[in-house]
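These notes are about the structure you will find just below.
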Amino acid sequence: MPELPEVETVRRSLLPVILHKPIESVEVHYERILQHITPQEFQARLTGLRFLDLTRRGKYLIFHLERELELVAHLRMTGRLIYCSDSAIAQAKHTSVIFGFGSAGDLRFEDVRKFATLDLVKIGEYEQIKGLAKLGVEPLAEEFTVQFLQEITVNRSATIKGILLDQSKIAGLGNIYADESLFLAKIHPERTGNSLQKKELKRLHQAIQKVLGLAIEGQGTTLRDYRTGFGQEGSFQNELQVYGKKGEKCPRCGVDLEHKKVAGRTSHYCPTCQRE
DNA sequence: AAAACCGCCTGTCGGC
DNA sequence: TGCCGACAGGCGGTTT
């Protein structure tokens, strides 16, 4: 699923091909992708505008446009944003929106499960986008420190897995990278926040940054649906240590990997390396 | 206040 | 082989 590394990869791939291109047409094929705006108004406000920049916050992509507008996209589970240089190429079955650039191709928002969203707002006005308004720190930024990890775990009875998935604390971790980070840090997903020692938080801090960095280098993890902005698969699925590997051997100690529901999510771990 | 649960969707998979 | 329920998981909203 698209988590921080996947969304960052989409951002990097799309930015150079959409920059300064004027939107000549907007086709909405699935209305409910639009939040707080009708297809008619969405189309009317966007047509003719150019893209000025493309940034990311957590798992949100923010397209900066002329007239101080921002188009905010969230891919949820199966969303894809793909630039197609030839508009004549047939669209995919589950295409929700197409931004046309005339002879310069188009940008297609595809989404099998239809959970993805699009918002159009004035610069920085995110009140209507609840998740974005309450988003926590960027895990690859300087503000993300061991001290910060301590602040969000101390006195907390919730599991560390649940805390890592809470977007209002850390922005961008999902099920895959939470599990991979905990494995690397040798911490069991069910450990409670208040049970974690300083040295474990240091390991976790380092693990999160390492895993995210390597996943971005690998252009993300394609298990099924995720694609880059050019429609290509990522490669980090080949580097996963535990996610989706129940029954396989732990790459560190050789014991059979296990999985169980933690904080409502299937969580993969090594019962030996990650003690309860 | 925090945590648990449900709904939103479609495709895939395992069991019978 | 085909049917059917379980499952995948991010987030908003509601309930506990």
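We name chains A, B, ... by the order of the sequence lines, and we start the count at 1 in each one. The analysis underlying the following values was restricted to heavy atoms, covering all of them including side chains, and did not include hydrogens, waters or symmetry mates.
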Integer-rounded Å distance: [N] [atom2] and [X] [atom1]:
X: Lys246(A); N: dC7(C); atom1: NZ; atom2: C1'; answer: 13 Å
X: Arg265(A); N: dA6(C); atom1: CZ; atom2: C1'; answer: 16 Å
X: Arg224(A); N: dG11(B); atom1: CZ; atom2: C1'; answer: 7 Å
X: Lys245(A); N: dA8(C); atom1: NZ; atom2: P; answer: 16 Å
X: Leu75(A); N: dG10(C); atom1: CG; atom2: P; answer: 12 Å
X: Glu190(A); N: dA3(B); atom1: CD; atom2: P; answer: 15 Å
X: Ile33(A); N: dT10(B); atom1: CD1; atom2: C1'; answer: 15 Å
X: Asp111(A); N: dG11(B); atom1: CG; atom2: P; answer: 11 Å

Contacts of type side chain to side chain contact (heavy atoms under 4.5 Å, CB included), residue Lys260(A), not counting sequence neighbours: Glu190(A), Val262(A), Tyr269(A)
Could you list the residues that satisfy side chain to side chain contact (heavy atoms under 4.5 Å, CB included) with Asp256(A), not counting sequence neighbours? Lys249(A)
Compare side-chain N and O positions of His74(A) against OP1 and OP2 of dG10(C) and report whether any pair is under 4.0 Å apart. no
Using OP1 and OP2 only, check whether a side-chain N or O of Thr78(A) sits under 4.0 Å from dG11(B). no
Within the 3.5 Å criterion, strictly below it, is a donor on His94(A) or Glu110(A) matched to an acceptor on the partner's side chain? no
So that I can compare with my own list, what are the stems of DNA chain C, taken as at least three consecutive Watson-Crick or G-U pairs with distances under 3.5 Å? B:2-8 with C:10-16, B:10-16 with C:2-8
Within residues 149-179 of chain A: residues closer than 4.0 Å to DNA chain B (heavy atoms): Arg156(A), Ser157(A), Ala158(A)
For DNA chain B, find the residues of residues 1-14 of chain A with a heavy-atom distance under 4.0 Å and give them by number; none if there aren't any. none
Looking at side-chain heavy atoms only, is the closest gap between [X] and [Y] below 4.5 Å?
X: Phe236(A); Y: Ile216(A); result: no
X: Leu184(A); Y: Val211(A); result: yes
X: Ile160(A); Y: Thr192(A); result: no

Can any side-chain N or O of [X] pair as donor or acceptor with the backbone N or O of [Y] at less than 3.5 Å?
X: Gln274(A); Y: His188(A); result: no
X: Thr9(A); Y: Val7(A); result: no
X: Asp179(A); Y: His268(A); result: yes

Could you tell me whether the side chain of Arg113(A) has a donor or acceptor atom within less than 3.5 Å of a complementary atom in the base of dA8(C)? yes
Glu31(A), CD: over 12 other non-hydrogen atoms inside 6.0 angstrom: no
Each nucleotide N or O in nucleotides 14-16 of chain C that has a protein N or O under 3.5 Å away: list the pair and distance.
none

With a 4.0 Å heavy-atom cut-off, tell me which residues in residues 114-136 of chain A come close to DNA chain C, sorted by residue number. Phe115(A), Lys130(A), Gly131(A)
Can you identify which nucleotide, out of dG10(C), dG11(B), dA8(C), has its nearest atom closest to the Lys93(A) side chain? dG11(B)
Choose from dG11(B), dT12(B), dG12(C) the nucleotide whose nearest atom is closest to any side-chain atom of Arg76(A). dG12(C)
Scan for side chain to side chain donor-acceptor pair (under 3.5 Å) pairs involving [range], sequence neighbours excluded, and state none if there are none.
range: residues 198-215 of chain A; result: Arg191(A)-Glu200(A)
range: residues 131-158 of chain A; result: Arg56(A)-Glu138(A), Arg57(A)-Glu138(A), Gln147(A)-Glu151(A)
range: residues 216-235 of chain A; result: Tyr177(A)-Thr221(A)

Out of curiosity, does Ile170(A) fall in the hydrophobic cluster containing Met1(A) (side-chain heavy atoms, cut-off under 4.5 Å, transitive links)? no
Expressed in whole Å, how much space separates the P atoms belonging to dC6(B) and dA6(C)? 13 Å
Rounded to whole angstrom, note down the P distance from dC5(B) over to dC7(C). 14 Å
Pairs touching residues 58-83 of chain A that satisfy ring-ring contact (aromatic ring centres under 6.0 Å, His included), sequence neighbours left out: Phe51(A)-Phe63(A), Tyr60(A)-His74(A)
What is the minimum heavy-atom distance between Ser13(A) and Val10(A), and which atoms define it? OG-O, 3.0 Å
How would you list all residue pairs meeting salt bridge (Lys or Arg N to Asp or Glu O under 4.0 Å) that involve residues 82-107 of chain A, not counting sequence neighbours? Asp106(A)-Arg108(A)
